[in-house]
Amino acid sequence: MTIREEKFAALTAITQNAPINSNRFNPSVKSAVSNLGTVFNGVEATPDAQGFVRHLTGANGLSGAKFLGDAKAHAVAFLNSGNLVSTFDLSKLDVDMANGVASENAFGHQVLFQQFVTFSDGTKLPVRGGKMNVTMDKEGKIYNVTSELKHGRVMSKRGVISEAEAIEIARAKFSRLAGQLSKTNGKEYAKALRSAVKTCTAKVKLVASENNGKIDAVYEVILGTDQPRQLIEFLVKAKTGEIVHWASKLHFSVSSKAQQAALGRIAAKCFLNIPDPNKPLNQQVVDYYVENLPDPKVLANERYKMLVEVKGQWVPVTAAADGTFNFSPTGKDKDKFSAVVAFIALNLQSDINEGWGLKKQTRAIPVYVNDKSVQDNAYFDPENYEIHIGVGSGTASGGLTEMIGFDLGVLWHENRHHEVFLQTPGNDMPGPQGGACNEATADVHGQLMMQYTFAIMFGKITGQTLTVADIVKDPRIIGLYAMPPQGIRTQRNTKTVADQQGEVHADGEIVGAAMADALQAYVEQPDVASGKISLADQLANYGRAGQLLMTLLPTRNVRFTDWRRCHITADQQLTGGANRAVIEKAFDAHGITASSATQTKPKGKGKGKGKGKGGNRKAPGNRRRVKA
Ligand SMILES: [Zn+2]
């Protein structure tokens with residue numbers, strides 16, 4: 001017995017009695033996966049993020065077929081066997097079996113297959129990263145399949161830009177990037193590179209690329225320079241010309257750490273969930289990263305410019321001496337740490353919501369972190385286009401906790417006001433009920449939806465997982481870290497329109513609880529329980545509806561019933577109305593019914609103001625505040 005075989009035997013002994021937990025798998029492959037154990041001895045399967053099989057390993061071999069010396073034919077016959085077709089969902093995918101590429105190495109053979117998709121215009125394109133790799137030993141014993149097949153909806157590719165246009169877009173970006181290297185590599189280097197970019201070599205290829213469950217046509221553009229040498233790949237969306245990704249292809253030529261940082265990710269410590277006020281902060285800090293900073297020393301990108309106050313001056317947040325953004329939540333750098341927390345939380349929120357249909361910003365918004373002039377509050381200012389995160393006066397005196405900005409819920413809330421500004425036809429939701437809707441969506445689509453989505457995305461890092469049951473029993477506390485233990489308010493209540501007071505946050509609890517009840521009802525749908533739709537996908541359905549509905553709102557005097565109607569309309573467009581009944585039920589329970597469409601005025605309370613003006617809209621700059 002060779003050493004290698006011994007290892008296999010040992011592995012088999014360990015795994016033989018460990019049944020595959022098919023619950024971790026996508027419904028479409030679940031039964032096939034659970035069946036694998038009865039077909040192959042000692043088989044192991046590992047799911048990818050979507051629950052499809054990423055690794056299939058069988059130490060004793062996964063195929064009983066006799067090997068005739070042709071690795072490709074052997075692999076194709078193996079993949080075409082019924083059990084494997086269903087395990088990898090191959091009947092729904094286009095994997096080019098005929099052109100599999102076989103190679104031999106010291107251990108045996110590998111055969112690599114490429115996935116394709118066909119667009120509605122008939123164009124067939126290879127899928128970026130859509131590979132399947134079958135591995136066998138020299139005797140043809142197939143013991144591993146690694147699959148990176150992409151599962152997603154193929155989007156239209158009508159009206160795509162030309163190859164030449166894609167190259168020009170990438171070249172312009174390359175030139176800008178080169179200019180930015182003057183700070184890290186010196187002016188001479190940057191100048192030489194910018195000059196070289198003008199005559200750079202270009203390779204371009206149209207491919208299909210999967211992102212967030214959608215498959216789009218994308219140009220892969222690789223630009224290279226000689227003096228100095230750089231090679232960068234740009235992904236340019238063929239429909240919009242937008243650069244969605246870029247990365248250096250030179251892994252070993254990077255001459256300095258600073259330049260490396262300029263071309264990739266930079267370490268950063270932050271929170272990826274709302275911290276528990278009862279646990280030490282240091283235990284909740286996680287290692288993450290920031291990326292694509294135009295200047296790797298400055299915490300700013302095309303969306304957010306982070307500012308902290310130093311000796312009375314607002315200044316950009318700069319990297320630590322080691323080039324990272326690793327700061328401590330306590331001590332002298334706590335403002336910088338707070339800025340990193342906000343930068344990461346806000347950018348992820350933008351990434352997620354842009355994926356759900358949010359309009360992109362046209363300019364970067366400054367974020368003032370720990371602004372001492374803003375006590376016990378935070379606000380989005382649509383006129384000056386700024387976000388200010390204030391500081392708390394302390395819970396002992398009935399105020400908020402000092403570091404309000406550590407509460408991701410506060411950040412997400414303000415940024416949802418920013419989303420409302422970007423997405424609604426009127427760049428606002430005017431009217432008393434509109435103001436309440438704005439507060440409500442800031443709590444629900446802002447905090448709660450991000451809280452849930454982050455738990456799914458980063459559960460492995462934060463240890464904070466999420467199930468439907470967690471959402472059902474969530475007290476929906478808003479501002480838990482900022483104001484422990486009861487928070488600033490809650491979006492789980494039985495308030496109805498009869499409880500309106502004419503104050504946007506108080507009234508926001510009425511329509512907000514309806515929104516949050518609808519959110520809960522979405523995830524309680526039978527299709528989620530049955531596994532037909534994953535929890536993440538169903539949250540995305542709610543998130544998409546939350547973006548689409550905003551584009552449907554009136555520009556003036558937005559009412560609770562407008563929100564209800566637009567949500568139903570959005571759901572009809574997105575899911576064919578699958579959630580209509582639960583939306584109606586949730587809003588009806590708070591008195592926001594189909595028949596109450598004409599109700600606009602808060603019940604009997606005027607206090608001499610608010611009539612047609614809306615509660616506290618007189619705050620400077622039409623500010624949206626966390627509290628009042
Ligand atoms: Zn607010």
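This structure is a prediction, so every number in the text was calculated from the model and none was measured. Read the numbers this way: they start at 1 and go in the same order the structure lists the ligands and their atoms.
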Ring centroids only, cut at 6.0 angstrom: are Tyr542 and His567 within range, meaning strictly under it? yes
Are Phe587 and Phe560 close enough that their ring centers fall under 6.0 Å?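 No, they do not, as the ring centres are separated by 6.0 Å or more.
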Please confirm if an N, O or S atom belonging to Glu439, backbone or side chain, lies less than 2.8 Å from the Zn ion (ligand 1). yes
Hey, is the Zn ion (ligand 1) within less than 2.8 Å of some N/O/S atom on His505?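 For His505, the answer is no, given that no N, O or S atom comes within less than 2.8 Å of the Zn ion (ligand 1).
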Could you check Leu411, Val367, Val290 and say which one makes a side-chain contact (heavy atoms from CB on, under 4.5 Å) with Phe343?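 The passing option is Val290.
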Shortest-distance N/O/S atom, His417 versus the Zn ion (ligand 1):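 The His417 atom nearest to the Zn ion (ligand 1), restricting to N, O or S, is NE2.
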Any idea how Tyr481 and Phe406 line up, ring-wise: parallel (<30°), tilted (30 to 60°), or perpendicular (>60°)?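 Tilted, since the angle between the ring planes falls between 30° and 60°.
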